[in-house]
Amino acid sequence: MRKLTFIAGAAVGYVLGARAGRERYEQLRLAARRLAENPAVRNSVDTAAQTGRQAAARAAGAVADRAGDRLPGPVSSRLRAVGEHRAAQSHG
C-alpha cells in the first residue's frame, strides 16, 4: 500500500511540476483511471478499508473497556455503540 501511495504522489507531483503539456497530463490521467478501475487494485482498496474499519472497531472497544467510565457521556455511548455493532457482526 505504501508503494501505491508513493507512486500516486509521484504522479501528482510530476503533473503539477512538469511542463510536459496537456498531452502528457491526459496520458497520466488515463493511466490513473485504468489503475483505479483495475479489479486487483479495487480489491486491495476494499480489503484495506475493511481492515481499517475492523481495527477501528477493536480500538474503540479497547478504549471503552479501559477508559469508558472516565470519558464524557456522548463519547462513552458512541464507543459502546461501536462495540455492540462489532459484537453483532462477529456473531452474524
Side-chain angles (χ1 to χ4, degrees):
M1 199 65 185
R2 289 181 185 180
K3 189 180 216 180
L4 181 62
T5 302
F6 174 77
I7 291 170
V12 168
Y14 178 79
V15 168
L16 294 176
R19 297 178 187 249
R22 183 76 179 175
E23 182 179 340
R24 184 65 181 147
Y25 168 77
E26 291 298 331
Q27 289 173 349
L28 289 170
R29 192 174 66 85
L30 182 60
R33 176 177 281 161
R34 285 187 192 140
L35 181 68
E37 292 173 353
N38 182 320
V41 172
R42 292 178 71 165
N43 287 340
S44 295
V45 169
D46 290 343
T47 300
Q50 183 177 7
T51 302
R53 285 190 296 271
Q54 290 170 349
R58 283 193 303 274
V63 169
D65 290 344
R66 292 186 182 144
D69 297 344
R70 296 178 296 233
L71 296 172
V75 174
S76 182
S77 62
R78 178 66 181 141
L79 287 173
R80 269 191 236 104
V82 169
E84 289 168 3
H85 181 71
R86 177 178 54 114
Q89 283 184 334
S90 65
H91 289 86

Residues in side-chain hydrogen bond (donor to acceptor under 3.5 Å, both in side chains) contact with Gln50, at least two apart in sequence or another chain: none
Test of understanding: with side-chain hydrogen bond (donor to acceptor under 3.5 Å, both in side chains), list the residues that count as partners of Arg29, not counting sequence neighbours.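 side-chain hydrogen bond (donor to acceptor under 3.5 Å, both in side chains) check on Arg29 returns Glu26.
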I need the full list of salt bridge (charged side-chain N to carboxylate O under 4.0 Å, His left out) pairs touching residues 32-54, with sequence neighbours left out, sorted by first then second residue.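 The answer is none; no pair qualifies.
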Kindly write out the residues that satisfy side-chain contact (heavy atoms from CB on, under 4.5 Å) with Leu35, not counting sequence neighbours, or none if the list is empty. Leu4, Val41
